[in-house]
Amino acid sequence: MKLLGISGTILGAKTAILVDAVLKKVKEKYPEIEIDLLDLRDFQMEFCDGRNPDLYNEDTKKMIKAVSEADFYLIGFPIFNGSFPAPLKNVFDIVHPAAFRHKVMGFVANGGTYQHYLVVENQMKPIAGYLRSFVAPSYVYANGEHFNAENEIIDEDVLSRIDALAEELVVMQKGLSNNS
């Protein structure tokens, strides 16, 4: 089983830190799970324009391949102006929807205030539903107060939610795998 963590932004570090924390927790609890981090900061991804996927640049094709080959997902994103960033939306646009169908999807998000956590509920979960993904009930939302000056997660509640999400992702995926 391969869990792909997607850090869905090309700016900042906190999103990748959150995604990586969940991936590490999964690996700690379930060493047999293959994990990978797809950090959009590392790709020169082209925007979706409807062309054949084979005609995109190499970075875009690598991203499509990585997403398409994963068995389940952890998707992280920062919240800017009450929404998630365009590079992540582009991932959902450019990867064929069938790649996400009947796969587990979990979410981590970070923002500047406590109020923006509802972006997961009001924007990401409906997208996952449209894609026919199974959504982990828990998610992690963190803001700047949950990190120290070195961008380490220091909030015990956030660390506890990371642990719970890691567990839910694997339990759900294993349950689906056993029933197919």
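Remember, it's a predicted structure, so these values are computed and weren't measured experimentally. Below, all heavy atoms of this structure are taken into account, side chains as well, without hydrogens, waters or symmetry copies.
- Note that the CD atom of Glu46 and the CG atom of Asn57 stand 4.0 Å from one another [nearest 0.5 Å].
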Give the table of side-chain donor-acceptor pairs shorter than 3.5 Å for residues 162-172, with sequence neighbours excluded, one pair per line with atom names and distance.
from: Asp163; atom 1: OD1; to: Lys29; atom 2: NZ; distance (Å): 3.3
from: Glu167; atom 1: OE1; to: Lys29; atom 2: NZ; distance (Å): 3.0
from: Glu167; atom 1: OE1; to: Tyr30; atom 2: OH; distance (Å): 3.1
from: Glu167; atom 1: OE2; to: Tyr30; atom 2: OH; distance (Å): 2.7
from: Glu168; atom 1: OE1; to: Ser138; atom 2: N; distance (Å): 2.8
from: Glu168; atom 1: OE1; to: Ser138; atom 2: OG; distance (Å): 3.2
from: Glu168; atom 1: OE2; to: Ser138; atom 2: OG; distance (Å): 2.6

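- Val119 and Leu74 fall into different hydrophobic clusters, where Ile, Leu, Val, Met, Phe, Trp and Tyr are joined by side-chain heavy atoms under 4.5 Å apart, directly or via other members.
- For residues 3-23, the side-chain hydrogen bond (donor to acceptor under 3.5 Å, both in side chains) pairs, not counting sequence neighbours, are Lys14-Asn151, Thr15-Asn110, Asp20-Lys24.
- If you take CG on Leu4 and NZ on Lys103, they are separated by 9.5 Å, rounding to the nearest 0.5 Å.
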Can you check ring pair (Phe, Tyr, Trp, His ring centres under 6.0 Å) on Phe84 and His116, steps first, answer last? CA-CA 10 Å; Phe84 62 98; His116 285 108; over 10 Å; no
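- Counting heavy atoms from C-beta on, the side chains of Ile94 and Met63 come closer than 4.5 Å.
- In this structure, Val140 is a member of the same hydrophobic cluster as Phe72, with clusters built from ILVMFWY side-chain heavy atoms closer than 4.5 Å.
- Here the side chains of Phe43 and Leu38 are in contact, with some heavy-atom distance below 4.5 Å.
- Counting only heavy atoms from C-beta outward, the side chains of Ser83 and Gln123 approach each other to under 4.5 Å.
- The distance from atom CG of Leu55 to atom NZ of Lys61, rounded to the nearest 0.5 Å, is 7.5 Å.
- Residue His146 is tested with Tyr117, Tyr141, Tyr114 for a ring pair (Phe, Tyr, Trp, His ring centres under 6.0 Å); the sole match is Tyr114.
- To the nearest 0.5 Å, atoms CZ (Phe77) and NZ (Lys89) are separated by 13.5 Å.
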What side-chain donor-acceptor pairs closer than 3.5 Å can you find for residues 126-137, not counting sequence neighbours?
from: Arg132; atom 1: NH1; to: Gly129; atom 2: O; distance (Å): 2.8
from: Ser133; atom 1: OG; to: Phe100; atom 2: O; distance (Å): 3.0

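- In this structure, the side chains of Cys48 and Tyr56 come closer than 4.5 Å at one or more pairs of heavy atoms.
- Of the inter-residue distances, the one linking Phe147 atom CZ with Glu152 atom CD reads 10.5 Å to the nearest 0.5 angstrom.
- The distance from the CD1 atom of Ile33 to the NZ atom of Lys2 is 12.5 Å, given to the nearest 0.5 Å.
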